[in-house]
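In this chain, residues are counted from 1 in sequence order. Whatever order the structure lists them in is the order used to number ligands and atoms, beginning at 1.
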Amino acid sequence: MTPAPAPAPDVVRSAYAQLVVTDLAKARWFWADMLGFHVQYEAPGIICLRGSDELTHHSVVLREGEAAALDHIAYRVRTPADLDRAERFFHRLDRPVRRVPRGEGTPGVGDAVRVVDPLGFPVEFFHDIDRAERLIQRYDLRRGAEVARLDHFNICTPDIPAAYAHYRSLGFGCSETIEGDEHELYAAWMYRKQTVHDVAFTGGAGPRLHHLGLATHESHHVLRCADLFGSLRKEHHIERGPGRHGVSNAFYLYLRDPDGHRVEIYTSDYYTGDPGHETYRWNVHDDRRRDFWGNAVIESWYREAAPVLDLDGEPQPVTDALLDESSVRVGADGLG
Ligand SMILES: O=C1C=CC(S(=O)(=O)O)=CC1(O)O
Ligand SMILES: [Ca+2]
Ligand SMILES: [Fe+2]
């Protein structure tokens, strides 16, 4: 008899991502100088970064290594007791689970639980993290895109319904979906904090990291970011946009860092915190779903994503997609 699922940990929000980059100096230029992250901590081979609004140690960690990859994504949980819940929850699913005491994991983070979730992603759950100086009104320190905070993870996975079911079992709400005529699920946006998403699923070979969503306060920060890359003859870092999303209604720009890690500069989505918040469902044939103005989605955005590591730092094998949205002939995408 299948044992009942253990109570889920109480996830507060998507909190940080640790990326492997092959040249820390080049990455520092992109993430700090161009995006405007503040360097909270740096030591040989590692940099911890945070946005202007963030009051904890970091939201992005760059670790130097041989090949670009996602080391892990991390969710903050509400209480220390939620670490035990996370450990039991994923043990019950017969998934790899590892306790990481403060000092043995990511700098600034307290005791943590790391797992490989049922989708194959390396995920950390933590409660304690060092506080950091309030920079919210230090306008004198803002630069580049002036990123304010990490907003979301977007992950590539071959089985969107399985991803949806897993995150529902963790208590995530669903703000928006992209569905076929028979309601087959192509993509979903899911949340714990009271905005459009903490995590979203893009159909494709996986487990792979599609992008990190970084929030700025205003659309002019998104535009300035694009202008800065253009001015410096670094326009090749711009992959998609600027534009207005259908899903989320956010104003966006997608960039690729020196290792190809994708980031989204993202602003002006909406509140989802009331009881019974209703999911908004887009049809996969609606040209406005991914760009509200009907602009095509560049093929690399559907095809390219970063590999992820297991708990021992080894790359995870990927499984091909079950559904391929880019093969759905949609006028705006125009992809065959
Ligand atoms: O954050 C996002 C919000 C919307 C979209 S989409 O391109 O509009 O589907 C993509 C995205 O997941 O990056
Ligand atoms: Ca380009
Ligand atoms: Fe996004």
Side-chain angles (χ1 to χ4, degrees), residues 13-14 17 19 35 51 59-60 70 73 145 147-157 160 163-164 167 172-180 185-204 206 208-216 219 221-222 225 238-257 261-272 279-306 323-326 328 330-335:
R13 63 180 172 94
S14 45
L19 302 178
L35 300 191
S59 60
V60 173
L70 168 70
I73 55 176
V147 290
R149 57 180 174 79
L150 171 77
D151 184 77
H152 60 266
F153 309 128
N154 188 302
I155 59 176
C156 280
T157 186
I160 303 289
Y164 174 85
Y167 274 90
F172 282 61
C174 183
S175 55
E176 301 200 30
T177 62
I178 294 177
E179 302 177 16
L185 199 55
Y186 280 84
W189 286 258
M190 301 188 77
Y191 61 91
R192 286 292 292 179
K193 72 179 183 297
Q194 299 182 350
T195 62
V196 167
H197 58 314
D198 289 284
V199 66
F201 318 126
T202 299
R208 293 183 298 159
L209 175 69
H210 190 273
H211 68 265
L212 300 183
L214 308 174
T216 59
S219 52
H221 294 123
V222 178
C225 180
I238 297 172
E239 180 189 45
R240 176 185 165 204
R244 169 76 64 193
H245 280 317
V247 173
S248 80
N249 192 44
F251 197 71
Y252 73 87
L253 172 70
Y254 290 95
L255 303 166
R256 308 294 291 271
D257 89 341
H261 289 301
R262 182 181 290 107
V263 299
E264 178 185 17
I265 312 298
Y266 173 97
T267 193
S268 312
D269 67 354
Y270 57 85
Y271 169 74
T272 59
T279 301
Y280 188 80
R281 302 177 189 281
W282 291 83
N283 183 285
V284 74
H285 295 280
D286 187 333
D287 288 357
R288 301 167 306 151
R289 71 194 188 286
R290 289 200 181 272
D291 184 282
F292 197 54
W293 305 328
N295 289 318
V297 176
I298 188 170
E299 186 161 0
S300 61
W301 192 90
Y302 280 120
R303 297 270 186 260
E304 297 173 9
L323 280 178
D324 177 1
E325 181 184 339
S326 65
V328 174
V330 180
D333 290 348
L335 296 173

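- The structure places CG of Asp286 at 12.5 Å from CD of Glu179, a figure rounded to the nearest 0.5 Å.
- Every protein residue with a heavy atom nearer than 4.0 Å to ligand 1 is included here: His152, Asn154, Trp189, His197, His211, Arg240, His245, Val247, Ser248, Tyr254, Glu264, Tyr266, Arg289, Arg290.
- Aromatic pair Phe251/Tyr266: ring centres not closer than 6.0 Å.
- Using modelled atom types, one side-chain atom of Arg262 and one backbone atom of Glu304 make a donor-acceptor pair closer than 3.5 Å.
- In this structure, the ring of Tyr254 has its center less than 6.0 angstrom from the ring center of His211.
- His211 contributes NE2 and His152 contributes NE2; the angle these two atoms make at the Fe ion (ligand 3) is 100°, rounded to 10°.
- Arg289 has no carboxylate O lying under 4.0 Å from a charged side-chain N of Asp287, or vice versa, which leaves the two without a salt bridge.
- The aromatic rings of Trp189 and His197 sit perpendicular, their planes meeting at an angle over 60°, well past the 30° parallel limit.
- Sorting the N, O or S atoms of Glu264 by how far they are from the Fe ion (ligand 3) puts OE1 first.
- Ring geometry for Trp282 versus Tyr280: interplanar angle over 60°, hence perpendicular rather than tilted (30 to 60°).
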